[in-house]
Every structure is written in structure tokens, then in C-alpha cells.
Visitor: 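Okay, handing you the structure first.
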Amino acid sequence: MKTVKILSACLFLVFWTSCTQESKTKGDPTIEQKVEALLSQMTLEEKVGQMNQISPSSDLTEVAELIKKGEVGSVLNLVDPKAINALQQVAMEETRLKIPLIVGRDVIHGFKTIFPIPLGQAASFNPELVEEGAHIAAIEASSQGVHWTFAPMIDIARDARWGRIAESLGEDTYLTSTLGAAMVRGFQGKDLSDPTSIAACPKHFVGYGAAESGKDYNSTFIPERTLRNVYLPSFKAAVDAGAATFMTSFNDNDGVPSTGNQFILKEVLRKEWNFNGFVVSDWASVTEMIAHGFAKDGKEAAMKAINAGVDMEMVSYSYVTYVKELLDEKKITMQTIDNAVRNILRIKMRLGLFENPYVDVDAPSVLYTAEHLQKAKEAAIESAILLKNDNGTLPLNETIRTIAVVGPLADAPHDQLGTWIFDGDKNYTQTPLKALQKEYGDKVRILYAPGLAYSRDVKTDGIAAAVQAARNADVVLAFVGEESILSGEAHSLADLNLQGAQSELIAAVAKTGKPVVTIVMAGRPLTIGRDADVSQAVLFNFHPGTMGGPAIADLLFGKAVPSGKLPVTFPKMVGQLPIYYSHNNTGRPYQGNETMLADIPLEAGQTSLGNTSFHLDAGAYPLYPFGYGLSYTTFSYANLNLSSDKLKATDTLTVSADITNTGKYDGTEIVQLYVQDCFGSVTRPVKELKDFTRIFLKSGETKTVTFTLPIQKLAYYNIDMDYVVEAGDFNLWVSQDSQKGLKASFVVE
Ligand code: BGC
């Protein structure tokens, strides 16, 4: 096996790192001098205070006392601008060194104007839109005194049971890296010191999404090579995008909780990536190392977290309590404490907090502006994924006179916002029912009979009325899915069928013989095979946010054309999880039979039936693959062309293909580029996404899409844990999803 090593240090980095971006993480000399000057005046208590983040109780006088004593460097979960200013005033006027507080908040997919959940935004495959969404969130949040968001969440998530898949950008390393970096740029703006910028905090470092059995907080077992090839690149991309802070994750990976993990924090984050922002623990994840069985008490937990490089402790107070003792006992060093404080002060200075500590409470409101709502609508449109559309059921045309609107999600202003919307207000939500009535009520008669009150509802008395509405209509729009509380933190599920009697409702309205359009709003992929089977069309929306209603209404009536693609594989059955497209092949790759259960003869003797890696009952394929999504129009792919079929590791391959809009509607296609490294010093995934682009094509139009693929982008951590491109054979696909595509091959010499 010949290995082509890339020599220059810069080229060792994951491809999208550019040296320019890298320089953003180096310290600014003026700021460094100020940091040193301030640090030299600080007492130990003042230093440890900077490392302490608290979540204020309702009694702010108590908090003010702590700040006065210099025991607090940061607060989270305070969003009243007047209260923030009052506490800031204590820090700025009543403490010796006048170090401002940094105020953190979970601004995950919008502050007031709620965008689709991150998993939905990922379906847009649109970094510009994702960046704009994050920027809008920053504008709104900063206007209320927030300096710092605990986002983006860039955990690779391949198990839909895990409730936090909702917050993720899906299963794919490249897509997550690209969109996560876009979010960092959006939150932080052109310069952190801009008053509308907020510091980003990529989380949860690292591997949290691989929680065993999809149960939140559960252990992970990710070996170093997989960590480096799959789970770390999105965080590296966030550092390269200039992320100011990082958060450690709750999980223990192979026995080491992230909050005490010197390898990921010191070796990887600081030494390899030169990160010079600060690291915050997750909520009490320092002292949770006691429950993990990794520290016997708070003191040992503090020691392990500090020595690992966790600069700021979120809410569990062990730093303030034990640092002095730990120093006296020489279990930690003053140098470690000084470095932590430097990291924190550096970010406070870069944010301009020393010069502008206060929020202007009299400034005109920038919340829920028309422009923000319009962008949120665009994002909801681009996030919707058309999974099925038999006989051109959608868009609804002029032959439709009466529509039956059924299902518990048709008018659920709270639930369509999704998880992590601490500041979102359901009174601003525009639901599908309201939008249909408002925008299309003059064109069609709308019969509304929800059938069920909420997604888990098992009371079926209302279904008869829904069936009656269906009988009186030309088409049924069934709005089903999940309440927002069924996904997100601590909300994992073992059953991914539609909850409550929702499938019963769909089956009942389908029985009327009227075409059924099932519109799902959920926080995760669901096993909706049986519901799709009885529906003529399925439009899937990961919780679409404030403007979900108008977005869906426009999509249903063809004012907008769906373009979203799945950022995550949909399983047929929960038993297939974890399921993802970029798996390794095994020594017995699946041959393509769907299922085998019914084919096994009675009393069959022991055989190696099938001889391949699959489930007897589910086969090996998912319900819908990663990258899949239909449009109202159709696209054909032709003329795949490679600039060369023999390349060196330092070359760039140009790949082009002609994409034609072969249908009746104008539409946007997300063209995907996948590569397979056929043989390696270790086994390699069957394919990996390496690039994508969105193209708009008028009906009948053809465009040539060109990808430039630097061969360095095919580097990975190999058998020797070197980041290299290995010489050998490669396959490449230009395609509309991860299962199809035009295929070509090339060789790297
Ligand atoms: C979550 C983090 C969040 C933090 C602060 C924790 O429970 O895991 O994602 O940022 O709380 O709210």
C-alpha cells in the first residue's frame, strides 16, 4: 500500500481549512497584552470567579452579592435586558477589576423568530441560508443582552431514537461541517466586537450523538480513528470558522467523560487545532463525573476537569469550592488556572464587553421583524422534504374545491416550533391551518376536523368527524408528527412510529378513497412506512418554526416547490438503528434481496441463509436514504465528465455533469458528489459526501454543474493514524441522493 503523505502542515488540516481562516484563531497582540496586564492584577479568588458560570435564581440580589465578591464570570439563562444591565453594573462598578460578565443562552434555531430546527435547516443543504438564520438569531438575542449562544450543535447523529438528533445537522460529517461552520459565521458576524454578534459555542465535544441505544447521556465507544474521521471534523471546521468557545459533552467515550478528557481537549483542540478561545463544561458535567464513577468527589472532579482544560464550569460550583485546596496540594498548577482565565478574558475582550458592557434597552425592537419572518419562511420552505408524490397529487391544483384538514399538528402553535425555543413565543407562530385559511381560504373550502387533540392522543372519538370531513372533500391534508417535547434533550424514544392514534387516523381517512397528503412535523426521522403506503403524498418537515404554516401552505399549493433533501437516513424499523449511508461494506456486503423472512421453509436446517449482512425482516435498506427528496418537477443527470482518471494527491479533479429539468415546474435541485475509496489500509465507507450544490432550473432547462475536488479532500486517518490520501482506486457519483447517481472511477497514483 503506497501512502501519499501531504507534507506541508497546512495541508494536513481537513480540507476546508484555509491558512487565512486559521490565522483567526491566533491571538491579537493588543488583546494579548491587555489580557496579561489584567491577569497580573488578579487575586486567586478573582481568577476562579472568572471560571465560574451560574444560572441565577429569581433572587437577583443574591446573585449581585456573588458578583460583588468576584465569584462569577458568567451567567446563563438571564434574558431580561434590564436585569442583565443591573448585574453587569455590579460587575463593572462594584468589583475591584471591573471585569464584565458574559451572558450565555441557548439560542439554537432562532431567538424570538424561530427557524426550523437545525435538522430541518440541514435539509436545505444551503450554507448561506443557514448562516443568515444564525445571524438573525444573533441580532435578536444580542438586542436583549445575550453575548454568547450554546450553539451550533454539531454532533454527528445516526440514531433517530436520540431526542437530540433534532438539534443536530444530521448524520453526515461533511454536511455537518459545512453547515456548522456557516452557523458559527452567522452567530459571530464579521467581527465578534460588532454589537449584533454573539460568540458561538460548538457542542458537544465530542461523540455525544453516538450514545448507546440512542438514550440521552449514554456512554459512547468511538475508537480514535472513527473519532478523527467522523466525529471530530465538524468541530475542526468550527474552529477554522473562528468559533470563540467550545462545550464539552456529557458522555464518557470508552470510559473517559469528555469533561475530564485530556486527549480531546489538550491534544486535539489546543495542540493540533490551536484553539485559543475558552472551553465551558456542559451543565454540571464537572460534578457529574462523580456519578460516572470517574471522580470520587467534587474536589477530584474539579481537578480532573481543570487539568483536562475545561476553563469554565457551568453551574456546579466545584471550581470555586476546591481550587485553593487543589493548588495547595499541588494537584493543579497556577499556570493551568492562569491559562484558563486568559482564554476567558481573551473572548470577553474580543466581544468588546469591556468597552460596551451594557445593552441598549431603549433601542427600537429588532424582534420578529418582517424581514426576519420572511427569512424564517424561506428556511422552512427549503427545509421541507417531499418523500412521496404519486400521480402528481401535489401541488394542489384548481380542480381541488374542498380540502379536509385533519390531524393534531395542523394548528399546534407551540409544537411546530420544536425543541430548544426558550425565548420563542407561540403567539407569533403561524400554523398551517391559519395560513391555509388566510392565504388560500378564498380559493378552496376548508373543512377542519383534527381527529386527535395532540400527537400522543389515543382517544379516537374525534376520528369519525375527520372521516366525515374527508368524505366531503376532494383531498385530505393530514397534519401529524410529534409534539415538540418528544424530541430534544432527555427525550429519547424506543418506538418511532407515529405516536398515539395518528396512524389510525391516517388509515381511517385513507379508507374513504380520497387522496391523502400526509404532512409530518417532527423532531426526528420516524418509521412512517405504513402511513406513507396509504398516503398519495408525504411532505416531511422537521419542526419548521414560527413560519412553518405559510411555508407549508405555499408548498402544498405550488407557490413554492420542494427542494429539501434528507440530512439523515430514515429507517423502516427501529431495529435498523443506527443506520447511515456511509457505512463500511463488511466482508459480506448485502446483495439486494429486500427481505427473507417469508421465504424460510418450515423446520429449515441451520444454514447461512442469505450469507450477507442484513436483517431477515427489514432487509438492509432504509425507508428513505440520506440525500433523498423529490420535487414537483423531475431532473435527469447525464454526461458525467472527469478532467482526468489518473491523479496525484496534490492534484485537483474537476467533475462535471449536465442536469436537466425534465418536468413541468421550475425547481431547485441539490446535486451531490460522493466518493468511495475502494481499498485502504483500513476498510473505508461505501461512499462519502464530498460536495454538493443547489441549482435552480427552469422547466426544460439544462445546466452543467462543475465540482472541483482537490484530491486532498480524500485524506483520512489511516492505519498509522496519519492524515493522508492513500493511493489507489476510487469511485465517484454525481447524484440526487446517496443511493443513485452517475458513476465514474479514477485512480490516485
Ligand atoms: C445541554 C446543553 C445546553 C446547556 C445549557 C445542557 O443540559 O446539554 O446543550 O447548552 O444545558 O442550557
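Counting starts at 1 for both ligands and their atoms, following the listed order.
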Visitor: Identify, by atom number and element, the atoms of ligand 1 in contact range of Arg164, meaning under 4.0 Å from any of its heavy atoms.
Guide: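 Counting from 1, the qualifying ligand atoms are 1 (C), 2 (C), 8 (O), 9 (O).
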Visitor: Take Arg164 and Asp155 through the salt bridge (charged side-chain N to carboxylate O under 4.0 Å, His left out) test and state the conclusion after the steps.
Guide: CA-CA 9 Å; Arg164 300 198 82 168; Asp155 299 321; over 6 Å; no
Visitor: Is Lys203 close to ligand 1, meaning an N/O of one under 3.5 Å from an N/O of the other?
Guide: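 In this structure, Lys203 places an N or O atom under 3.5 Å from an N or O of ligand 1.
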Visitor: Please identify which atoms of ligand 1 are closer than 4.0 Å to at least one heavy atom of His204.
Guide: 2 (C), 8 (O), 9 (O)
Visitor: Which atoms of ligand 1 have any heavy atom of Phe150 under 4.0 Å away?
Guide: 10 (O)
Visitor: Measuring from non-hydrogen atoms of Asn77 to any atom of ligand 1, is the shortest distance under 4.0 Å?
Guide: no
Visitor: Report yes or no: is the cationic atom of Arg270 (NZ for Lys, CZ for Arg) closer than 6.0 Å to the six-membered ring centre of Phe275, at no more than 45° off its axis?
Guide: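 No, Arg270 does not lie over the aromatic ring of Phe275.
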Visitor: Would you mind running through ligand 1 and noting each atom that sits below 4.0 Å from a heavy atom of Leu76?
Guide: 5 (C)
Visitor: Find all atoms of ligand 1 within a distance of less than 4.0 Å from any non-hydrogen atom belonging to Asp282, and give their numbers and elements.
Guide: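 Heavy-atom distances to Asp282 below 4.0 Å select 1 (C), 2 (C), 3 (C), 4 (C), 6 (C), 7 (O), 8 (O), 11 (O).
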Visitor: I'd like to know if the side chain of Asn85 and the backbone of Val359 have a donor-acceptor N/O pair within less than 3.5 Å.
Guide: yes
Visitor: Could a heavy atom of Met153 be found less than 4.0 Å from some atom of ligand 1?
Guide: no
Visitor: Counting N and O atoms only, with roles assigned by atom type, does the side chain of His543 sit under 3.5 Å from a partner on the main chain of Glu482, one being a donor and the other an acceptor?
Guide: yes
Visitor: What I want to know is whether Asp106 and ligand 1 share at least one N or O pair that is separated by under 3.5 angstrom.
Guide: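 Yes: some nitrogen or oxygen of Asp106 is under 3.5 Å from one in ligand 1.
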Visitor: Can you list the atoms of ligand 1 that are under 4.0 Å from a heavy atom of Trp283?
Guide: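 Reading through ligand 1 atom by atom, the close ones are 6 (C), 7 (O), 11 (O).
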Visitor: Is Asp80 salt-bridged to Lys82, going by a charged N under 4.0 Å from an acidic O?
Guide: no
Visitor: Between Arg105 and Asp423, does at least one N-O distance fall below 4.0 Å, as a salt bridge requires?
Guide: yes
Visitor: Between Lys203 and Asp106, is there a side-chain N and carboxylate O pair less than 4.0 Å apart?
Guide: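 Salt bridge: yes.
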